[in-house]
Number of protein chains: 2
Amino acid sequence: MRVDARRNYDHLLAVARTVVTEQGADASLRDIARRAEVGLGTLYRHFPTREALLEALLRTSFEELATRAAELETSSSATDALETWLRECVAFTHEYRGVITPMTAAIEDPESALHASCVMLRTSGTQLLTRAQNAGLARTDIDGVDLFALIAALAWLSDQAGTAPRADHLIDLVASAILTDLNTSPGPPVRSRSTESLGS
Amino acid sequence: MRVDARRNYDHLLAVARTVVTEQGADASLRDIARRAEVGLGTLYRHFPTREALLEALLRTSFEELATRAAELETSSSATDALETWLRECVAFTHEYRGVITPMTAAIEDPESALHASCVMLRTSGTQLLTRAQNAGLARTDIDGVDLFALIAALAWLSDQAGTAPRADHLIDLVASAILTDLNTSPGPPVRSRSTESLGS
DNA sequence: ACCTGAACACCGTTCAAGT
DNA sequence: ACCTGAACACCGTTCAAGT
């Protein structure tokens, strides 16, 4: 890579980070090129699609979340690990408003520049979920795909101006739904079953 | 209203329904005017904002959902009513892909043409929720605002191509999180408490 | 090798001119 | 009263021409 190209690439990425932080993942590419004082073609040369730009922007964050999941797997209880990681995933997408929509599309599209990163994230989540399930601490009727979808839904919620303040609370609710005692689901509530056994 | 104006209005609405069903709530207004064989200014005259158009498009559906909530309040158990209505809300937004985003924005903005309809929907939901809470069948740490947010999140999920097939399952999960036995939340799981009482 | 920006085909929104 | 469509200020994307 030529030195001037390298310089353009780096500068473009720095400006894009600012603009996407300000305006969200659907910010004007033209505006990014303009603010980077670079021809529009140069942006397209380095980042052929918007998703390629987002991938370059978010790569380190994705890697950090994967590392974080591995850490939590040994440092925390299965329950805490999953809940903490879930919350950190949502917090991450919140830094780049609107990024969750291309992410949910990308995980279904192997051609997308964001595909690998999203699959990696889903894999990390699946491991934390499986661990909790094996310990009898999480519902067994959901899998990594469901977990990713729930994270996406919560991330979307956090992106909406009005619901953002409630998001934390709703993350709790979803987390508690996943991390429910196995005996409480499926089937009747535990209380009735305990009552039955007491009665017999 | 002049007869030609009335004709334009009705035709515009019919075409818009088709186009929005096909392409989602962010369909091109220009395209709608074109397919209705009407000047673009005519569309803007009748529907000054996109939300005004959506409101006209969805009004009857909103009213049906409100009526439905009132019906369920007397015809079904508190639990079934809330779960059924929640599912019908999601199914409704699914008919007009992408409509949930303007709706979540509108509920915070009294100036929006969609505001009243969304508030009405939220009120219906709040009533079903309160009834379940009073019967001790729903968590008491959420309110109508949370419920609306959860419905929105699930609706968004159903709109995403990849996650749509899972949406039904995830609605179950969220519904069960809301409609959990009061004794299971907040506080420690019921099982431990039962065990304690058995041990003493 | 890389950069540039005009060109093309689209938007949403407004508003002078028509009937 | 109502309709029309040109005009304006934006997009994303491509690509011939430059260095």
Side-chain angles (χ1 to χ4, degrees), chain A residues 1-20 22-57 96-99 101-103 105-106 109 111-114, chain B residues 1-20 22-57 96-99 101-103 105-106 109 111-114:
Chain A
M1 201 174 197
R2 240 164 58 179
V3 282
D4 56 339
R6 166 101 258 154
R7 251 186 15 134
N8 278 337
Y9 180 93
D10 292 340
H11 189 218
L12 227 19
L13 211 50
V15 170
R17 177 156 276 120
T18 306
V19 175
V20 169
E22 284 172 9
Q23 310 181 10
D26 52 354
S28 160
L29 298 178
R30 233 194 190 83
D31 193 35
I32 292 170
R34 212 152 32 205
R35 285 168 66 162
E37 291 175 307
V38 143
L40 192 45
T42 304
L43 187 149
Y44 274 92
R45 159 170 280 266
H46 288 300
F47 308 104
T49 64
R50 168 174 247 112
E51 295 186 342
L53 177 59
L54 290 175
E55 197 276 332
L57 224 50
Y96 303 92
R97 182 166 41 87
V99 83
T101 305
M103 279 174 63
D109 173 19
E111 304 303 308
S112 164
L114 277 170
Chain B
M1 201 172 194
R2 241 165 55 179
V3 281
D4 56 340
R6 166 101 259 155
R7 250 185 16 132
N8 278 336
Y9 181 93
D10 292 340
H11 189 219
L12 228 19
L13 211 49
V15 171
R17 178 156 276 121
T18 306
V19 176
V20 168
E22 284 172 8
Q23 309 181 12
D26 52 354
S28 160
L29 298 179
R30 232 195 191 82
D31 193 34
I32 292 171
R34 212 153 32 206
R35 286 169 65 163
E37 291 173 309
V38 143
L40 193 43
T42 304
L43 187 149
Y44 274 92
R45 160 173 278 266
H46 289 298
F47 309 104
T49 62
R50 165 174 251 116
E51 295 185 345
L53 177 59
L54 291 174
E55 197 277 332
L57 224 50
Y96 302 92
R97 181 166 41 87
V99 84
T101 304
M103 278 174 65
D109 174 20
E111 303 303 307
S112 165
L114 277 170

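Residue numbers start from 1 in every chain, and the chains themselves are labelled A, B, ... in the order their sequence lines are given, proteins ahead of strands.
- Within the 4.0 angstrom heavy-atom criterion, base atoms lie near B/Thr42.
- Within a 6.0 Å radius of CD in A/Glu37, no more than 12 heavy atoms belonging to other residues, nucleotides or ligands are found.
- Mapped onto DNA chain C by nearest heavy atom, B/Pro48 and A/Val38 fall at different nucleotides, with A/Val38 at the one closer to the 5' end.
- Proximity of a side-chain donor or acceptor of B/Arg30 to a complementary backbone N or O of B/Leu40 within less than 3.5 Å is not detected.
- Summarising the base pairing, C/dA1 is matched to D/dT19 through a Watson-Crick or G-U wobble pair whose two defining distances lie under 3.5 Å.
- Distances shown here put every side-chain N or O of B/His46 at or beyond 4.0 Å from the OP1 or OP2 atom of D/dC2.
- Among the nucleotides C/dC2, D/dC2, D/dG5, the one closest to any side-chain atom of B/Met1 is D/dC2.
- Close to D/dC3, at under 4.0 Å from its OP1 or OP2, lies a side-chain N or O of B/Asn8.
- Rounded to whole angstrom, the span from the CG atom of B/Asp4 across to the P atom of C/dT19 amounts to 15 Å.
- Of the candidates D/dC3, C/dC2, D/dC11, the closest approach to any side-chain atom of A/Ser28 belongs to D/dC11.
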For this session: Please step through side chain to side chain contact (heavy atoms under 4.5 Å, CB included) for the pair A/Asn8 and A/His11, ending with a clear verdict.
Result: CA-CA 5 Å; A/Asn8 278 337; A/His11 189 218; 5.7 Å; no
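- Checking A/Leu29 against B/Glu37, the closest nucleotide of DNA chain D that is more toward the 5' end is the one next to B/Glu37.
- Distance, B/Tyr9 OH to D/dC2 C1': 16 Å, rounded to whole Å.
- Rounded to whole Å, atom P of D/dC8 lies 14 Å from atom CZ of B/Arg30.
- One interatomic measurement links the two molecules: CD1 of A/Ile32 to P of C/dG5, which rounds to 18 Å at whole-angstrom precision.
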For this session: Output, in order, the C-alpha distance, side-chain angles, deciding distance and verdict of salt bridge (charged side-chain N to carboxylate O under 4.0 Å, His left out) for B/Asp4 and B/Arg7.
Result: CA-CA 5 Å; B/Asp4 56 340; B/Arg7 250 185 16 132; over 6 Å; no
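- In this model, the phosphate group of D/dC2 is approached by a side-chain N or O of B/Arg45 to a distance below 4.0 Å at OP1 or OP2.
- To the nearest angstrom, P of D/dC3 lies 13 Å from NE2 of B/His11.
- Two residues are said to be in side-chain contact when any heavy atoms from C-beta on lie closer than 4.5 Å; B/Ile32 and B/Leu53 meet this criterion.
- One atom, CZ of B/Arg7, and another, P of D/dT4, lie 10 Å apart when rounded to the nearest Å.
- Straight-line distance from the CG atom of B/Leu40 to the P atom of D/dC2: 18 Å, rounded to whole Å.
- B/Arg34 comes within contact range of the sugar-phosphate backbone alone, with a heavy-atom separation under 4.0 Å but no base atom that close.
- B/Tyr44 has its OH atom 9 Å from the C1' atom of C/dC11, to the nearest Å.
- Under the Watson-Crick or G-U wobble criterion, with both distances below 3.5 Å, C/dT13 is paired with D/dA7.
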